[in-house]
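Take a look at the structure below.
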Amino acid sequence: MKKKYDIKTTDVETLKKWYHLMTLGRALDEKAPSYLLQSLGWSYHAPYAGHDGIQLAIGQVFTLGEDFLFPYYRDMLTVLSAGMTPEEIILNGISKATDPGSGGRHMSNHFAKPEWHIENISSATGTHDLHAAGVARAMVYYGHKGVAITSHGESATSEGFVYEAINGASLERLPVIFVIQDNGYGISVPKSEQTANRKVAENFSGFKNLKIIYCNGKDVFDSMNAMTEAHEYVREIRNPVIVQANCVRIGSHSNSDKHTLYRDENELEYVKDADPLMKFRRMLLRYKRLTEEELQQIEADAKKELSAANRKALAAPDPDPKSIYDFVMPEPYQPQKYKEGTHEAEGEKTFLVNAINETLKAEFRYNPDTFIWGQDVANREKGGVFNVTKGMQQEFGEARVFSAPIAEDYIVGTANGMSRFDPKIHVVIEGAEFADYFWPAVEQYVECTHEYWRSNGKFAPNITLRLASGGYIGGGLYHSQNIEGALTTLPGARIVCPSFADDAAGLLRTSMRSKGFTLFLEPKALYNSVEAATVVPEDFEVPFGKARIRREGTDLSIITYGNTTHFCLHAAERLEKEGGWKVEVIDIRSLIPLDKEAIFESVKKTSKALVVHEDKVFSGFGAELAALRRKCGMTQADLGRASNINPQYISLLENGKREAGLSTIVALAQALGVLPGVLINTYVVNRSIDRKINKGKPPQD
């Protein structure tokens, strides 16, 4: 490709603009640490000096209104070159309420302007490559001519999610430019300890459909030519490009790093001499494109501009501490017909798996901007491991329903990215074939949970994350796990777990129509369970945060969800038959938000509660339910807790013999009623009962 820019032919006005941006950016880069010294903020600063050429070029090729830009924490000049003002950058640095990226919520040096699609990204560098791939997928689907540009250092390529993003972009032929700003270090770790290749882009040289461009990131013209070539190629060919820019890091990694501890004097002298700004200044004089007086005038103007921006930013309001709870989760869709999430419909019963399948199809017809992908979800007549998505690709096409690589991070991260393209987009993903295998994607799960909060309400990923959860299918260690105990600790996600077919349909419909992120847990043992089959109204909806009283009673409240709801109903029947007990069974349905009022009202009525869940005895979600006893005015003696994955009888459960779990529930309920003074440990079953069930063997806490 013919080089478009050089020192001799580039017009003078363009050269002046570039020098102004570079001078202004450098002045701001050098001023940033002074805010911390004055206790004004900017607690984290990663200087960009030495990356000047490539960062100027990224910002210059960025096309407002068409492109999406995902800058990393060192990209100060990038966003300045893309059009952000010094004031906007300072507002982020000193965490002001008018910071356009996060309203002062995000860490300093995380520059964003979402309305321009300069995206708010995480501190975990490289994670945004997945988001860039996702938004590029939307560009392809909707015929948008823009480009997704994502940027980070060379050390981030050691991360698996960077590989997944580049692999996925090459597989799907997505319009993404991956910019690798290579300064030779990952904090203090040299590149030689990151990868065997001197040029990290060579690690991806075997990828089909991927173009790699190398440039001198210290040189303005080489960087401009490389980024221009990449931008034009991606727009025209619609294939991804890697631009590897060779840079230097003139200063320390950040204000918390001291590079003199690991760099010798010769190296420090070399990087100082390689300063791109000084090189550009010398070239402008040597080739007589600008005079010394013109350069000094630009420098003086930049100084004045920065001073004015500083005054305005310092005068800006600070965030109100009371606003910390704003934008944790967006307001969900509110059902109008089924406000309590119940119905009296009669007719033929539907299995839970069919209820989910039929609801997915109905919502895909309702909203043509709905998509689904995941592992093994769409291959001819197969619709996932459990046939939940059977027939969907045939009806809605390969562009809306498709299988993803076996890369959980890529599945979740690209959903985050695709939903950035337009808020009308809603994505359903099967995050893993079984919940047990979801752990590699927890990093992207975390990103999804705090996008809404971190962006000060400007972006929420419209994602329904489906996972087949729980045991009772003889699946062993890696096909039986419950992971909600860990994931409920992360604010920002709604989490639901239906026990019956109608609730599965209603909660799924509400999730797919809601703004924001929902984890939809599907107890796979109930997919084809006769007990879980119900009549399902075709328009049924269940609001979040509404429990359902499955059985009314006055003697004991059993609080449960998922698979164990059915155990509890059987136990309640048995307790009434054997002892005349009236046991109330509360199916919470929604873990977050939780219907605390329904629980409180039931416990006030019965004065005793038993929490039953399928998760671990220690630190399962049942522990949170048990902790509510204080707000109900209960003593620990009035509370029992049962778990169906006690190590002492897991083998019985995995062999399909559920009587042990049912007997535990009955025994605990009897202890609560017959021996009201007994102390029930809220983390293990009652010891006397445990010994009885386990034939004298000591309990395991």
Side-chain angles (χ1 to χ4, degrees), residues 13-62 64 69 71-121 151 220 250-251 254-255 275-277 280-281 295-319 456:
E13 291 306 310
T14 298
L15 295 175
K16 286 182 176 180
K17 180 179 71 172
W18 290 353
Y19 187 68
H20 173 79
L21 287 169
M22 293 174 70
T23 302
L24 179 60
R26 183 64 68 86
L28 183 54
D29 195 41
E30 293 174 350
K31 182 176 178 58
S34 68
Y35 291 97
L36 180 60
L37 293 175
Q38 299 175 69
S39 299
L40 295 173
W42 223 309
S43 60
Y44 175 80
H45 174 61
Y48 77 81
H51 295 232
D52 308 55
I54 189 60
Q55 291 198 10
L56 175 79
I58 296 170
Q60 290 298 287
V61 302
F62 170 72
L64 181 62
L69 177 60
Y72 83 126
Y73 55 77
R74 203 180 299 279
D75 267 320
M76 179 185 284
L77 180 56
T78 297
V79 298
L80 186 68
S81 177
M84 287 186 68
T85 67
E87 181 185 353
E88 290 172 329
I89 292 172
I90 298 170
L91 289 171
N92 164 258
I94 58 177
S95 304
K96 291 293 187 174
T98 49
D99 161 29
S102 72
R105 292 170 174 234
H106 207 353
M107 194 176 192
S108 52
N109 258 67
H110 291 69
F111 314 112
K113 195 168 184 175
E115 55 268 34
W116 282 14
H117 293 305
I118 299 177
E119 297 294 304
N120 183 310
I121 69 159
S151 169
V220 170
I250 295 175
S254 69
N255 55 330
D275 186 338
L277 177 59
F280 186 50
R281 194 182 196 284
L295 293 175
Q296 289 183 7
Q297 184 61 54
I298 292 172
E299 292 161 359
D301 291 343
K303 185 176 180 181
K304 289 179 182 178
E305 185 176 349
L306 178 56
S307 180
N310 174 63
R311 287 194 300 272
K312 290 181 180 179
L314 289 175
D318 293 321
N456 205 30

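Keep in mind it's a predicted model, so treat the numbers as computed, not measured.
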What I'd like to find out is whether the side chain of [X] reaches to under 4.5 Å of the side chain of [Y], using heavy atoms alone.
X: K16; Y: E13; value: yes
X: R26; Y: E30; value: yes
X: S102; Y: N120; value: yes
X: L21; Y: S81; value: yes
X: T78; Y: Y72; value: no
X: T98; Y: P317; value: yes
X: L80; Y: L28; value: no
X: M22; Y: R281; value: no

Quiz item: If you measure from CG on D99 to CD1 on I90, what distance do you get to the nearest 0.5 Å?
Solution: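 That separation rounds to 12.0 Å.
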
Quiz item: About how many Å separate CD of E88 and NZ of K312, when rounded to the nearest 0.5 Å?
Solution: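 The distance works out to 11.0 Å.
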
Taking [X] for its side chain and [Y] for its backbone only, find out whether a donor-acceptor pair lies under 3.5 Å.
X: H110; Y: M107; answer: yes
X: N109; Y: Y73; answer: yes
X: T23; Y: Y19; answer: yes
X: D52; Y: D275; answer: no
X: Q55; Y: R74; answer: yes

Check [X] against [Y] and note the closest heavy-atom contact, atom names and distance.
X: K96; Y: D318; answer: NZ-OD1, 2.9 Å
X: A313; Y: I94; answer: O-CD1, 3.9 Å
X: W42; Y: N255; answer: O-ND2, 4.1 Å
X: P319; Y: G104; answer: CG-CA, 4.3 Å
X: Y44; Y: S108; answer: O-OG, 2.7 Å
X: P276; Y: I250; answer: CD-CD1, 4.3 Å

Quiz item: Do H45 and D29 get their side chains close enough for a donor-acceptor pair, meaning under 3.5 Å?
Solution: yes

Quiz prompt | Geometric cation-pi criterion, K31 with Y35: 6.0 Å, 45° | solution =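 Verdict for Y35: a cation-pi partner in K31.
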
Quiz item: So which of K304, K303, R311, E305 actually passes side chain to side chain donor-acceptor pair (under 3.5 Å) with S307?
Solution: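 Single pass found, and it is R311.
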
Quiz item: D301: what forms a salt bridge (charged side-chain N to carboxylate O under 4.0 Å, His left out) with it, not counting sequence neighbours?
Solution: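 For D301, no residue satisfies salt bridge (charged side-chain N to carboxylate O under 4.0 Å, His left out) once neighbours in sequence are set aside.
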
Quiz item: Hey, mind stepping through D75 and F111 against side chain to side chain contact (heavy atoms under 4.5 Å, CB included) and telling me if it holds?
Solution: CA-CA 8 Å; D75 267 320; F111 314 112; 5.5 Å; no

